[in-house]
Chemist: 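Mind having a look at this structure? Questions to follow.
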Amino acid sequence: MIRPFGWNEFLIIVMAAQWTIALSAIAFAGGGIGGLLVALARVSDIRPLRILAVGFIRVFQGTPLLMQLFLVFFGMNIFGLAINPWVAASIALTLHASAFLGEIWRGCVEAVPPGQREAATALGLKYVNRMRYIILPQATRIAVAPTVGFLVQLIKGTSLAAIIGFTELTRQGQIINNATFSPFMVFGTVAAIYFVLCWPLSLLARRMEVRFSRSTQR
Amino acid sequence: MTEVTTTASTAGMPGTSDLAVTMNGVNKWYGQFHALKDITLTVARGERIVICGPSGSGKSTLIRCINRLESIQKGKIVVDGHDLGAGAKSVDVVRQETGMVFQSFNLFPHMTVLENCTLAPIKVRGVSSAEAEATARKFLERVRIPEQADKYPAQLSGGQQQRVAIARALCMNPKIMLFDEPTSALDPEMVKEVLDTMIDLASEGMTMLCVTHEMGFARQVADRVIFMDQGEIVEEGAPEAFFSSPKHERTRNFLGQIS
Ligand SMILES: Nc1ncnc2c1ncn2[C@@H]1O[C@H](COP(=O)(O)OP(=O)(O)OP(=O)(O)O)[C@@H](O)[C@H]1O
Ligand SMILES: [Mg+2]
């Protein structure tokens with residue numbers, strides 16, 4: 001039975017955005033921690049750690065996010081865990097974000113001029129203090145814009161979780177579309193909501209980029 | 001010339017020897033490139049050394065070995081009685097006892113002048129922030145920029161930045177100061193203010209190793225001038241003799257080029 005696309009259907013789709021936001025937040029928080037570890041491992045003095053980090057990054061950058069979702073989703077089943085789209089999507093997106101943020105942040109750490117590390121070392125500051133007080137604060141300023149940029153990608157990427165049955169914005173749209181069969185209205189609405197989520201972030205990223213370049217050339 | 005080959009043994013006790021730095025048969029390679037060739041050098045406490053030589057001759061590499069910013073493959077370096085080859089502990093101590101000033105200042109741009117000066121004393125020496133601040137203000141006074149304490153490095157001129165860098169190093173109360181072309185990145189009108197600061201420091205008895213091509217400075221304060229070429233110490237001597245009657249052809253050529 002086909003019902004019309006009305007106010008009610010619209011609200012259901014809007015409400016589903018909370019799951020998109022929740023999944024993005026989990027992936028971003030988890031990816032933030034994972035990414036920091038990956039970035040530190042990547043610039044570490046310990047060779048096996050560097051190799052491990054590079055391997056992790058290459059695998060997740062070199063395969064589609066959808067395959068990563070499938071592998072975690074079906075992998076859980078193979079390892080005898082209950083199939084749960086929430087858990088699978090959270091894990092897959094966290095790993096994905098860890099790899100990408102790790103690589104972004106590595107670049108930011110390495111963009112800090114080598115003289116900074118040398119001056120800190122010459123003053124007797126050891127690795128942890130050097131990172132904490134000298135390198136990371138400067139890397140952070142460089143990192144803000146590309147990090148926000150990646151967050152936008154991540155939010156859009158959560159739509160793939162619809163395919164493993166995670167009911168977020170896109171999946172809710174599919175469900176409503178099956179009932180109303182007004183694909184243009186439905187997916188137009190879905191796209192508009194993604195846009196409303198992502199556009200301000202893109203603006204913010206651009207604003208920060210400008211502010212950073214101004215403050216460094218001061 | 002002080003050709004002391006037995007120095008390594010007399011420098012055994014940290015802080016007791018009258019030798020600040022001894023380098024014995026030091027060799028350094030960057031990959032295949034032989035950057036330091038059999039360097040043997042002793043620096044007494046309170047001695048002021050100027051190192052000069054053409055670009056790429058290994059001057060920076062030499063002084064960066066003294067605080068282990070560069071590692072060596074062969075030979076022995078003892079700084080203030082601490083053998084740099086004896087492990088991480090002695091490297092840490094040596095870095096605390098030596099201050100370094102770089103050509104490009106390398107101030108921390110996200111910290112104020114005062115924070116630049118207090119960070120290491122607080123985090124490395126463990127002094128209270130009040131004490132560190134008092135020390136920092138004292139040294140900023142000594143380099144004649146006390147009024148800049150709350151500014152950020154980017155708000156200062158090059159000469160002021162370099163004087164902050166000197167003050168920052170002095171706040172760690174080092175026994176030895178290393179300078180790597182401290183005036184080469186400065187506009188001509190700012191060179192003097194930095195050299196004056198270094199001359200002050202020399203007159204207070206600081207042990208100094210300065211890579212510089214400021215020959216006026218060398219004449220005025222150096223006890224010894226060292227000329228390097230292609231990774232070797234070619235010639236060394238008191239400034240008077242060094243400048244008036246250099247023994248080696250390569251030294252004469254070099255001095256002819258820069259003056
Ligand atoms: N990290 C490095 N890797 C490879 N080669 C290096 C490295 N650092 C220095 N070198 C080489 O070692 C040699 C000595 O360099 P060094 O910086 O000590 O010279 P310098 O005498 O200080 O020269 P300058 O007057 O230009 O500062 C140069 O030929 C340089 O190319
Ligand atoms: Mg140099």
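A note on names: the letters A, B, ... follow the listed sequences, proteins ahead of strands, and every chain is numbered from 1. Any value given below was found using the heavy atoms of this structure, including those in side chains, with hydrogens, waters and symmetry copies removed.
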Chemist: Between the side chain of A:Ser44 and the main-chain N/O of A:Leu40, is any donor-acceptor distance below 3.5 Å?
Modeler: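 Absent.
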Chemist: If I measure from the heavy atoms of chain A, does B:Leu107 come under 4.5 Å with its side chain, its backbone, both, or neither?
Modeler: backbone
Chemist: Are the aromatic rings of A:Phe166 and A:Trp86 close, with centres under 6.0 Å apart?
Modeler: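 Yes: the rings meet the under 6.0 Å criterion.
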Chemist: Using non-hydrogen atoms and a 4.5 Å limit, figure out which bit of B:Phe102 sits close to chain A: side chain, backbone, both or neither.
Modeler: side chain
Chemist: Go through B:Met172, B:Lys123, B:Arg125 and name the one with the most non-hydrogen pairs under 4.5 angstrom from chain A.
Modeler: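 Answer, by heavy-atom pair count under 4.5 Å with chain A: B:Lys123.
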Chemist: Check the orientation of A:Phe70 and A:Phe74. Use parallel for under 30°, tilted for 30 to 60°, and perpendicular for over 60°.
Modeler: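 If you compare the ring of A:Phe70 with that of A:Phe74, the planes turn out tilted.
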Chemist: Specify which of B:Arg64, B:Glu97, B:Met100, B:Arg68 makes the most heavy-atom pairs with chain A at under 4.5 Å.
Modeler: B:Arg64
Chemist: Closer than 4.0 angstrom, basic N to acidic O: yes or no for B:Asp200 and B:Arg142?
Modeler: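 Looking at B:Arg142 together with B:Asp200, the answer is no, because their closest N to O distance does not fall below 4.0 Å.
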Chemist: Between B:Val101, B:Leu69, B:Leu178, which residue shows the highest count of heavy-atom pairs closer than 4.5 Å to chain A?
Modeler: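 Among the listed options, the one with the most contacts to chain A is B:Leu69.
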Chemist: Looking at B:Asp180, is its backbone amide N or carbonyl O close enough to the side chain of B:Gln103 to form a donor-acceptor pair, meaning the two atoms are under 3.5 Å apart?
Modeler: no
